Amino acid sequence: MSGVATIGFGAMARSLAESLGRDPRAPQITDCLLRPGAAGPSGLRLHHRAETLIDARPALVVECAGPAAIAEHGPALLSAGIDLAIVSVGALCDDALHARLLCAARDGGAQMLPVTGAIGGLDLLEAARLAGLDSVTYRGIKPPPAWAGSPAEQLIDLGALRGATVFYRGTARQAAGAFPKNANVAAAAALAGTGLDATQVELVADPEATGNRHEILARGAFGEMRFEVTNRPLPGNPRTSWLAALSVEALVRAHAGR
Ligand SMILES: NC(=O)C1=CN([C@@H]2O[C@H](COP(=O)(O)OP(=O)(O)OC[C@H]3O[C@@H](n4cnc5c(N)ncnc54)[C@H](OP(=O)(O)O)[C@@H]3O)[C@@H](O)[C@H]2O)C=CC1
Ligand SMILES: O=C([O-])CC(=O)C(=O)O
């Protein structure tokens, strides 16, 4: 097994491929699984069906495409014994899909690896929950253009905001379902902490925001935690934080031991 494959080749996969490509000692992106008929970058082996990617036997596949792509390809890759890094962590809010992925990974002897993405502090939540967590709240705050193209457009007039506006409140499961391209970090925080139904989420559009900000507030037997990160966006996609791509790169390097 050699090489790393991506599912999708949008902003995050491009950033990952470019960054790894600058380091000759790093594992390299060699293969890419695209939608049927979609054009892809030159220099990579392009696949339009999971079967041909499986035949290429990459050491790791990194999903950079969205929850639907995980449902479509994840079980087949894992049951074929191919490790799969999951960027669209919100896909794991679908309990039936999550169970199918775990089952496929067990049957194939492969690893399913959710990334930490554009947030941090998840190790602390995982440790703290051992003694009991009382509450975990996640807030995602982005400038209005970063919410363009999301369901936020149906809830508020993004162009007319004068100050920070909370436009969505719900559980992490509800948020990940409603905002599949924006609430992956909420799902990651929930899975590390109190779970998808007990984690509260607030999504905010703020004309004064200087980046994509993620906050976690957790309370429990351990004490109290406040986490905050303000991310710069990827040049190719203002919705996606650069740190999300960097967290994928860190995982790819750790997987290869480089
Ligand atoms: N965990 C985290 O912190 C974060 C996770 N994410 C997740 O990462 C994903 C990728 O982000 P980003 O690169 O910025 O998004 P982009 O929209 O820039 O790229 C996604 C790419 O995936 C392709 N794609 C979609 N569905 C499929 C499929 N079924 N099979 C193959 N290719 C597919 C798209 O093609 P097309 O254009 O034809 O649709 C597009 O080229 C997001 O969808 C989001 O779910 C994003 C940010 C942070
Ligand atoms: O990139 C980010 O800032 C986070 C994001 O969109 C997500 O969680 O899906």
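Source: prediction; values computed, not measured. Both counts, for ligands and for their atoms, begin at 1 and track the order of listing.
Summary of contacts: the protein heavy atom closest to atom 15 (O) of ligand 1 is Asn237 ND2, 3.5 Å. Of the protein's non-hydrogen atoms, Lys142 NZ, 3.0 Å is the one closest to atom 6 (O) of ligand 2. Considering only non-hydrogen protein atoms, atom 9 (O) of ligand 2 sits nearest to Asn184 ND2, 2.8 Å. In terms of protein heavy-atom proximity, atom 27 (C) of ligand 1 is nearest to Ala65 CB, 3.7 Å. Among all protein heavy atoms, the one lying closest to atom 18 (O) of ligand 1 is Ala11 N, 3.0 Å. The protein non-hydrogen atom at the shortest distance from atom 3 (O) of ligand 2 is Ser241 OG, 2.5 Å. The single protein non-hydrogen atom nearest to atom 19 (O) of ligand 1 is Gly10 CA, 3.2 Å, given as residue, atom name and distance. Looking at atom 23 (C) of ligand 1, its nearest protein heavy atom turns out to be Gly8 CA, 3.9 Å.
With salt bridges taken as basic N to acidic carboxylate O contacts below 4.0 Å, one links Asp197 and Arg173.
The N/O atoms of Leu234, backbone and side chain alike, include none that comes under 3.5 Å of an N/O atom in ligand 1. At under 3.5 Å, a nitrogen or oxygen of Asn184, whether backbone or side chain, sits near a nitrogen or oxygen of ligand 1. Residue His214 has at least one N or O atom closer than 3.5 Å to an N or O atom of ligand 2. The N/O atoms of Ala118, backbone and side chain alike, include one that comes under 3.5 Å of an N/O atom in ligand 1. Between Ala186 and ligand 2, a contact under 3.5 Å exists for no N or O pair.
Listed by atom number, the atoms of ligand 1 under 4.0 Å from Val185 heavy atoms are 3 (O). Interface atoms of ligand 1 facing Ala244, defined by a heavy-atom separation under 4.0 Å, are 3 (O), 48 (C). Of all atoms in ligand 1, listed by their number and element, those nearer than 4.0 Å to a heavy atom of Gly117 are 1 (N), 2 (C), 3 (O). Ligand-side atoms of ligand 2 in range of Arg239: 1 (O), 2 (C), 6 (O), range being under 4.0 angstrom from any heavy atom. Heavy-atom contacts of Thr240 reach the following atoms of ligand 1: 11 (O), 12 (P), 14 (O), 46 (C), 47 (C) (cutoff under 4.0 Å). Less than 4.0 angstrom separates some heavy atom of Leu34 from each of these atoms of ligand 1: 31 (C). For ligand 1, the atoms sitting less than 4.0 Å from at least one non-hydrogen atom of Gly66 are 43 (O), 45 (O), numbered in the order shown with element in parentheses. Residue contact check: Lys181 has heavy atoms under 4.0 Å from atoms 6 (O), 9 (O) of ligand 2. If you number the atoms of ligand 2 from 1 as listed, the ones under 4.0 Å from a heavy atom of Thr240 come out as 1 (O). Against a heavy-atom cut-off of under 4.0 Å, Ser88 is close to the following atoms of ligand 1: 7 (C), 8 (O), 9 (C), 44 (C), 45 (O).
Under the 4.5 Å side-chain criterion, counting only non-hydrogen atoms from C-beta, Leu92 is in contact with Pro114. In this structure, the side chains of Val201 and Thr171 stay at 4.5 Å or more apart for every pair of heavy atoms. Residues Val204 and Tyr168 form no side-chain contact, since every pair of their non-hydrogen atoms from C-beta on lies 4.5 Å or further apart. Met112 places a side-chain heavy atom less than 4.5 Å from the side chain of His98. In this structure the side chain of Leu16 never reaches within 4.5 angstrom of the side chain of Glu18, judged on heavy atoms. With contacts defined as side-chain heavy-atom distances shorter than 4.5 Å, the pair Leu53/Pro58 qualifies.
The closest donor-acceptor contact from the side chain of Glu63 to the backbone of Ala65 lies under 3.5 Å. In this structure, His48 contributes its side chain and Ala38 its backbone to a donor-acceptor pair below 3.5 Å. Counting only distance, with no hydrogens or angles, the side chain of Asp206 and the backbone of Glu208 share a donor-acceptor pair below 3.5 Å. A donor-acceptor contact shorter than 3.5 Å is absent between the side chain of Glu215 and the backbone of Arg213.
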Full working for side chain to side chain donor-acceptor pair (under 3.5 Å) between Glu249 and Ser19: CA-CA 8 Å; Glu249 181 175 343; Ser19 189; 2.6 Å; yes

Verdict with supporting geometry, Asn184 and Ser88, side chain to side chain donor-acceptor pair (under 3.5 Å): CA-CA 6 Å; Asn184 293 292; Ser88 301; 4.6 Å; no

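The closest non-hydrogen atom to atom 35 (O) of ligand 1, taken over Met12, Arg35, His48, His214, comes from Arg35. Between the choices Ala69, Pro36, Gly40, the shortest heavy-atom distance to atom 28 (C) of ligand 1 belongs to Ala69. Taking each of Lys181, His47, Glu72 in turn, the one with a heavy atom nearest to atom 29 (N) of ligand 1 proves to be Glu72. When Val87, Val62, Val89 are checked for heavy-atom proximity to atom 1 (N) of ligand 1, Val87 turns out nearest.
Heavy-atom separations between Ala91 and ligand 1 are all 4.0 Å or longer. Within the 4.0 Å heavy-atom shell around ligand 1 one finds Cys64.
Of all the heavy atoms of Leu33, the ones lying under 4.0 Å from any atom of ligand 1 belong exclusively to the backbone. At a 4.0 Å heavy-atom cut-off, ligand 1 touches Pro180 through the backbone alone.
Taken to the nearest 0.5 Å, the CG atom of Asp123 stands 9.0 Å off from the OG1 atom of Thr116. Put simply, CG on Leu44 and CD1 on Ile29 are 7.5 Å apart, with the number rounded to the nearest 0.5 Å.
Of the listed residues (Leu33, Leu84, Leu78), just one forms a side chain to side chain contact (heavy atoms under 4.5 Å, CB included) with His73, and that residue is Leu33. For the pairing with Thr199, the side chain to side chain contact (heavy atoms under 4.5 Å, CB included) check across Ile216, Leu133, Leu125, Val136 returns one residue only, Val136.
Counting protein heavy atoms under 4.0 angstrom from atom 6 (N) of ligand 1 gives one or more.
Hydrophobic clustering (side-chain heavy atoms under 4.5 Å, transitive across Ile, Leu, Val, Met, Phe, Trp, Tyr) keeps Leu161 apart from Val166.
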